[in-house]
Amino acid sequence: MSEGVAKRPASPTRSISPPPLRRKVTTVTKKTVANFFTPASQKKPQPITWRVIGTSLVIGKYVPEKSVAQAVAGQARKVASFDLDSTLIKTQSGGPFAKNPNDWQWWEPGVPEKLKELDAKGYQVVIFSNQKMVKIQKDIKNGKSESKSLSNFKEKLAAVMGQLDIPLSVYAATDNTEYRKPRLGMWREFQDDYDLDASGIDLEKSFFVGDAAGRPQDHSNVDRGFAVNAGMGFKTPEEFFLSQEPPQDAGIFNPVSFIEAESEGESSAKSSVSFARTHPQELVIFCGSPGAGKSTYFWKNLEPLGYERVNQDILGSRPKCLKVARELIQAGKSVAVDNTNATQEVRAYWVALAKESNIPIRCVHFLASSELCKHNAAARASNKELNPESRQTLPGIAFIDYARRYQVPALDEGFADIIPVEFRFRGTEDEKKLWSQYWI
């Protein structure tokens, strides 16, 4: 029997290793080699450092290689602060938002020279910008450490700061938090970063320049409000860079004008009560926008008179409100309906209940403007001291929807009277100080 070669048993399809990938060739320069072998203690610091706070604030700090400290010990710092878009820079493409990191140019050719002059005069130059298009993203599982929008923003600001080449910091608020202008979160963060407290800044010589000034063509009033909140002077880019006349302030929302002046010898809590009971038992309904001060008005004016409150935010639905109100009326109580009651159709439910119960119905009409109501809602949601019922921030659609549905209440709907209420803020001095800041 001849001896043969043993055959290898059949096997499933054998895996074949792919050819090795060609490695990307990296050019190595003398500078790269030198930098690699240079001890960390001897390496030059990067001119720009970045840090991120949570998911709502991006901070960049540029320190030129040949930087000279401008601060003088014991002397208050002068701060020259600016908005970014439509103030220092604008897009080359002409659109409202940059298409890529290179889509920018100076707002006006003289901007760089002006900022360098400020640095030479000892001002600390800083940028405070709202950047809702920048999304802070950290997703280690998917291999992403930051979003493309954040990378693009850093790249653009690196170019801006590099061309200026002066000591400069940028604070960019990316979400609707305490950092977003006109709120002072970025301002406080800047003070902490530079070891400045309120006495460390010369507010009389400091200023903020921004395009959101509350003018008819402006998208908002946040830049003017930011300057007012911080206690600095304010100028538009046209004023500061082009020496144009300042815009008229007429018609610009100013919360201070809604602070109630105290009567001599009389506390604000006791003055200006504009409601009185006219019948032993009655139904009172409110008509007013979210944020118009309806609940505060109830607690200060109607609750002390023994009225029971019915509120749809608490009870959840109009049928539930009608049921609870009917039970209270049957128990001999006077009731106040603390809802918006924007339309005649909605108010008709309450008129019918009053007729059914054989009691008069009255209407309290809150006349606060939409801008004032938005301010109220934002101030309330941002400060526990002004928010005893822990109300949340209201979306903009809440005010738009009310304005769309609103119908002026009229006596022929069945009301015994209609009481107009002009909003005035009442509170302690600390509460007035908080409320009178700009919040939106």
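If you're wondering where the values come from, they're calculated on a predicted model, not measured in any experiment.
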A quick test of your reading: do over 12 heavy atoms of other residues, nucleotides or ligands sit less than 6.0 Å from [atom1] of [X]?
| X | atom1 | answer |
| --- | --- | --- |
| Lys205 | NZ | no |
| Gln244 | CD | yes |
| Glu155 | CD | yes |
| Gln217 | CD | yes |

Are the side chains of [Y] and [X] in contact, using a 4.5 Å heavy-atom criterion?
| X | Y | answer |
| --- | --- | --- |
| Ser169 | Ile59 | no |
| Ser81 | Phe190 | no |
| Glu385 | Asp430 | no |
| Phe423 | Leu367 | no |
| Ile314 | Arg309 | yes |
| Val228 | Phe208 | no |
| Phe286 | Ser295 | no |
| Arg380 | Leu394 | yes |

request  = Give the ring-plane orientation class for Trp106 versus Trp104, where under 30° counts as parallel, over 60° as perpendicular and anything between as tilted.
outcome  =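 Answer is perpendicular, since the angle exceeds 60°.
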query = Where does the angle between the aromatic ring planes of Phe253 and Tyr438 fall among parallel (under 30°), tilted (30 to 60°) and perpendicular (over 60°)?
reply =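 Taking Tyr438 first and then Phe253, their aromatic rings stand perpendicular (interplane angle over 60°).
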query = How far apart are the C-alpha atoms of Glu113 and Lys116, what are their side-chain angles, what is the distance that settles it, and do they pass the salt bridge (charged side-chain N to carboxylate O under 4.0 Å, His left out) test?
reply = CA-CA 5 Å; Glu113 182 181 354; Lys116 290 178 181 180; over 6 Å; no
ask   = Just one of Asn229, Val79, Asp192 clears the side-chain contact (heavy atoms from CB on, under 4.5 Å) bar with Trp187, so which one?
value =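 Of Asn229, Val79, Asp192, side-chain contact (heavy atoms from CB on, under 4.5 Å) with Trp187 is met by Val79 alone.
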Have [X] and [Y] got a donor and an acceptor in their side chains that come within less than 3.5 Å?
| X | Y | value |
| --- | --- | --- |
| Trp435 | Asn376 | yes |
| Asp85 | Gln131 | yes |
| Thr91 | Asp103 | no |

Over all heavy atoms of both residues, which pair between [X] and [Y] is shortest? Give the atoms and the distance, please.
| X | Y | answer |
| --- | --- | --- |
| Ala381 | Asn387 | CA-ND2, 4.0 Å |
| Val310 | Leu315 | CG1-CD1, 3.8 Å |
| Val284 | Val364 | CG1-CG2, 3.7 Å |
| Asp175 | Ser56 | CB-CB, 3.8 Å |
| Gly210 | Pro237 | O-CD, 3.3 Å |
| Ser289 | Lys294 | O-NZ, 2.7 Å |

Does this structure show an ion pair linking [X] with [Y], if we count only N-O contacts that are shorter than 4.0 Å?
| X | Y | answer |
| --- | --- | --- |
| Glu146 | Lys154 | yes |
| Arg362 | Asp417 | yes |
| Arg224 | Asp218 | no |
| Lys374 | Glu371 | no |
| Arg51 | Asp193 | yes |

key: Aromatic centroids of Phe298 and Tyr307 separated by under 6.0 Å   =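 No, the ring of Tyr307 stays outside the 6.0 Å limit from the ring of Phe298, centre to centre.
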So, [X] side chain and [Y] main chain: donor-acceptor pair closer than 3.5 Å or not?
| X | Y | answer |
| --- | --- | --- |
| Asp401 | Ile397 | no |
| Lys78 | Lys121 | yes |
| Arg347 | Asn341 | yes |
| Lys135 | Lys132 | yes |

ask   = Got a sec, which pairs hit ring pair (Phe, Tyr, Trp, His ring centres under 6.0 Å) with one end in residues 149-186, sequence neighbours left out?
value =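 Of all non-adjacent pairs touching residues 149-186, those that pass ring pair (Phe, Tyr, Trp, His ring centres under 6.0 Å) are Phe128-Tyr171.
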request  = Mind checking salt bridge (Lys or Arg N to Asp or Glu O under 4.0 Å) for Asp313 and listing every partner two or more places apart, or none if nothing turns up?
outcome  =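 Applying salt bridge (Lys or Arg N to Asp or Glu O under 4.0 Å) to Asp313 gives none.
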ask   = For Arg318, which residues count as a side chain to side chain donor-acceptor pair (under 3.5 Å) partner, sequence neighbours excluded?
value =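 Per chain and number, Arg318 pairs via side chain to side chain donor-acceptor pair (under 3.5 Å) with no residue.
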